[in-house]
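Computed from heavy atoms alone, side chains included, the values below leave out hydrogens, waters and symmetry copies. Keep in mind the model is a prediction, meaning the values are calculated, not measured.
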Amino acid sequence: MRIAILHPDLGIGGAERLIVDAALGLQRLGHEVHIFTSHHNPDHCFPETKKGGILTVRYIRPPFPRAILGKGHIVFAHLRQLHLTAYLLLSGKASDYDVYLVDQLSTCIPFLRRIAHKRVVFYGHFPDKLLAGGQFVEGESGRYKRLSIKAIYRMPMDWLEELTTRETDILLANSEFTARVFRNNFKTIRHDPRVVYPGINIEAYTNTRAAANADLGSIFSDRPSLVSLNRFEKKKNAALAIEAFAIVRRQLLSKRGNLSGLDKLRLILAGGFDPRLNDNVETVAHLTSLCELHSLSCVVRSAEMGLSGCNGGPGPGPGPDPDPDVILLLNFTEEQRTWLLTSPKTLALLYTPTNEHFGIIPVEGMISGLPVLACNSGGPMESIVDPDVSGQPASMRTGWLRAPDAETWSEAIMGIISLSQEERRQLSERAMRRASDVFGINKMAECMENALKEAVDMGPYLPQAQTD
């Protein structure tokens, strides 16, 4: 099959990693795959998507900004995808492909079907209408509590999202949690979402050969480490990791006797950072301030921006500690990620978001053999096996699921860093096996291939012959 994937912003987030791995998996199955996007920065993307990489990326530069004065993101996102869709239709390239895999934004679906007569598979991460009102909590309505300008502004956007999503031929979801949310909040959609878990390229995590370069020099240390990987966004709640770490540090420093070096424990927060986004800039400023509040030495490190002290963001800093308690690592490289996940000095992976639709990062931790601590909501409830929550035998544990409370997390962290070598070995084997069996790239690619083939077998979309 000739497959076109449409993704709005091909950066270095979890959704982008999924699309890259899906494209890689489908290519390995013998299909020709092209990715179309409205934003692609070769200095801020996964290596596979760079010029000369193993994936074909078509960056169609839109005439619209992402936002104006930080406002109107969703309106401009729709306009940018409509521009991308118009390019495909007017250039005649839309007919070059057998089927379309659309990700995140559904605006293009009716046009690809009704004008290009192509079948579309939509991969849903989470309904935007539920995210726009703030952090989603399952069981709550996800709607605005009172009539406001933003609520009025969102009404047509929410209507458009549901209208265009129900046009898809096949609807996929990234977790049972997301599928349930789609069913409960998109009442007019007759499709029952099928769950296709995001998969990971296992080889990328089992190759532990560390590159000898300056990137690793900026994070290398003999100190035992806790690692948290996430974009620097407020909703990712990295502050929870700092708060819990501060409690753990106080407890460790108050102990007497042999701590096996745990009194030198450090925390590394690594993730995507985009200086165009106020949320990213404000989040880094808040996290550095939080470190100061807890008397934790802190630096911000970035290949693009150099080094700063705990002064609220990237830039020149007042004499930063060369081996701090906390490192904020902006836009980490592949080599840095591999080292952080596979270093024997990394004791645990902390995943702080609540009600995350899926969350590929806990799976990355498991395939790397790390103990993973995550919040007890959303997708991690499906990826991590915690007998304290599931009631399964203790011998099946692959991680810990806890309420997003600093005291609760500190207790779990103390338990994780106190594991014996044998306990860590057994947990590592279980976690790696589960990640490989359930969340491998081959499994995801096969499931997506089946959905795409089914869509192609429906034949060209002919509106007059349809009842939908």
Side-chain angles (χ1 to χ4, degrees), residues 3 5-29 31 33 35 37 45-46 48-49 55 101-105 121-128 131 170-182 193-206 229-231 236 271-272 334 337 341 349 351-353 355-368 370 372 374-375 377-385 398-399 431-452:
I3 302 166
I5 299 178
L6 271 61
H7 184 82
D9 189 333
L10 201 58
I12 58 172
E16 290 71 43
R17 186 68 250 175
L18 180 146
I19 285 302
V20 168
D21 287 339
L24 289 172
L26 290 168
Q27 278 191 175
R28 291 174 184 173
L29 292 173
H31 305 293
V33 182
I35 302 175
T37 183
C45 66
F46 291 109
E48 298 94 334
T49 68
L55 294 178
L101 175 60
V102 176
D103 178 59
Q104 288 192 322
L105 277 178
V121 175
F122 182 63
Y123 192 89
H125 293 262
F126 209 73
D128 182 72
L131 294 176
I170 295 176
L171 177 60
L172 305 179
N174 60 6
S175 66
E176 294 289 353
F177 171 68
T178 298
R180 186 166 62 248
V181 170
F182 264 98
R194 308 178 192 176
V195 175
V196 176
Y197 286 124
I200 59 173
N201 185 5
I202 294 172
E203 295 175 2
Y205 300 89
T206 55
L229 305 179
N230 251 314
R231 292 191 305 277
K236 298 301 183 180
E334 291 289 301
R337 180 195 67 179
L341 291 174
L349 178 70
Y351 191 63
T352 55
N355 289 292
E356 191 74 3
H357 343 142
F358 176 71
I360 195 67
I361 292 168
V363 179
E364 292 179 325
M366 288 196 297
I367 197 63
S368 302
L370 285 176
V372 179
C375 292
S377 61
M381 297 284 288
E382 299 171 43
S383 56
I384 296 171
V385 176
T398 66
M432 293 173 71
R433 184 166 55 250
R434 176 169 173 78
S436 177
D437 291 347
V438 182
F439 305 107
I441 188 174
N442 293 335
K443 178 74 171 179
M444 175 184 67
E446 289 170 5
C447 292
M448 284 194 171
E449 181 189 47
N450 291 337
L452 292 164

Practice item. Start with the C-alpha distance between Glu364 and Arg337, add both sets of side-chain angles, then the distance that settles side-chain contact (heavy atoms from CB on, under 4.5 Å), and finish with yes or no. Key: CA-CA 10 Å; Glu364 292 179 325; Arg337 180 195 67 179; 3.8 Å; yes
Exercise for review: Take Arg28 and Glu449, measure what salt bridge (Lys or Arg N to Asp or Glu O under 4.0 Å) needs, and give me the verdict at the end.
Suggested key: CA-CA 11 Å; Arg28 291 174 184 173; Glu449 181 189 47; over 6 Å; no
Check your understanding: Where do Lys236 and Glu356 land on the side-chain contact (heavy atoms from CB on, under 4.5 Å) test, with the steps shown first?
Key -> CA-CA 9 Å; Lys236 298 301 183 180; Glu356 191 74 3; 2.8 Å; yes
Practice item. Could you walk me through whether Val20 and Leu55 pass side-chain contact (heavy atoms from CB on, under 4.5 Å), step by step? Key: CA-CA 8 Å; Val20 168; Leu55 294 178; 3.8 Å; yes
Exercise for review: Begin with the C-alpha distance, continue with both residues' side-chain angles, and end with the deciding distance and a verdict on side-chain contact (heavy atoms from CB on, under 4.5 Å) for Thr352 and Asn230.
Suggested key: CA-CA 8 Å; Thr352 55; Asn230 251 314; 4.2 Å; yes
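Counting all heavy atoms, side chain and backbone alike, Ile361 lies closest to Leu229 at CD1-O, 2.7 Å. For the pair Glu16 and Gly11, the tightest heavy-atom approach, listed with the atom from each and the gap, is CG-N, 3.2 Å. Closest non-hydrogen pair, Gly199 versus Asp21, comes out as O-OD2, 3.4 Å. Residues Thr37 and Pro8 come closest through the heavy atom pair OG1-O, 3.3 Å. Of all non-hydrogen atoms in Ala23 and Val33, the two that sit nearest each other are CB-CG1, 3.9 Å. The two residues Phe358 and Pro198 come nearest to each other via the heavy atoms CD2-CG, 3.3 Å.
Separation of atoms OG1 (Thr398) and CE (Met366) is listed at 5.0 Å; rounding is to 0.5 Å. Put simply, OG1 on Thr49 and CG on Leu10 are 5.0 Å apart, with the number rounded to the nearest 0.5 Å. The CG atom of Asp9 sits 12.5 Å away from atom CD1 of Ile19, with the distance rounded to the nearest 0.5 Å. A distance of 12.0 Å separates NE2 in His31 from CG in Leu101, rounded to the nearest 0.5 Å.
Counting heavy atoms from C-beta on, the side chains of Leu6 and Asp103 never come closer than 4.5 Å. Two residues are said to be in side-chain contact when any heavy atoms from C-beta on lie closer than 4.5 Å; Phe46 and Ile12 meet this criterion. Counting heavy atoms from C-beta on, the side chains of Met432 and Ile202 never come closer than 4.5 Å. A 4.5 Å side-chain heavy-atom check between Val196 and Asn174 finds every atom pair outside the cut-off. Looking only at side-chain heavy atoms (C-beta outward), Phe177 and Glu382 come within less than 4.5 Å of each other. Taking 4.5 Å as the limit, some side-chain heavy atom of Val195 sits within range of a side-chain heavy atom of Tyr197. In this structure the side chain of Leu26 reaches within 4.5 angstrom of the side chain of Leu452, judged on heavy atoms.
Side chain to side chain, Gln104 and Tyr123 fail the donor-acceptor criterion of an N or O pair below 3.5 Å.
Side-chain atoms of Ser175 never come within 3.5 Å of backbone atoms of Gly379 as a donor-acceptor pair (strictly under, hydrogens ignored). One N or O on the side chain of Thr178 and one on the backbone of His125 form a donor-acceptor pair closer than 3.5 Å. A donor-acceptor contact shorter than 3.5 Å links the side chain of Arg434 to the backbone of Ser383.
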Show me, pair by pair, the donor-acceptor contacts under 3.5 angstrom made by side chains of residues 435-448, not counting sequence neighbours?
none

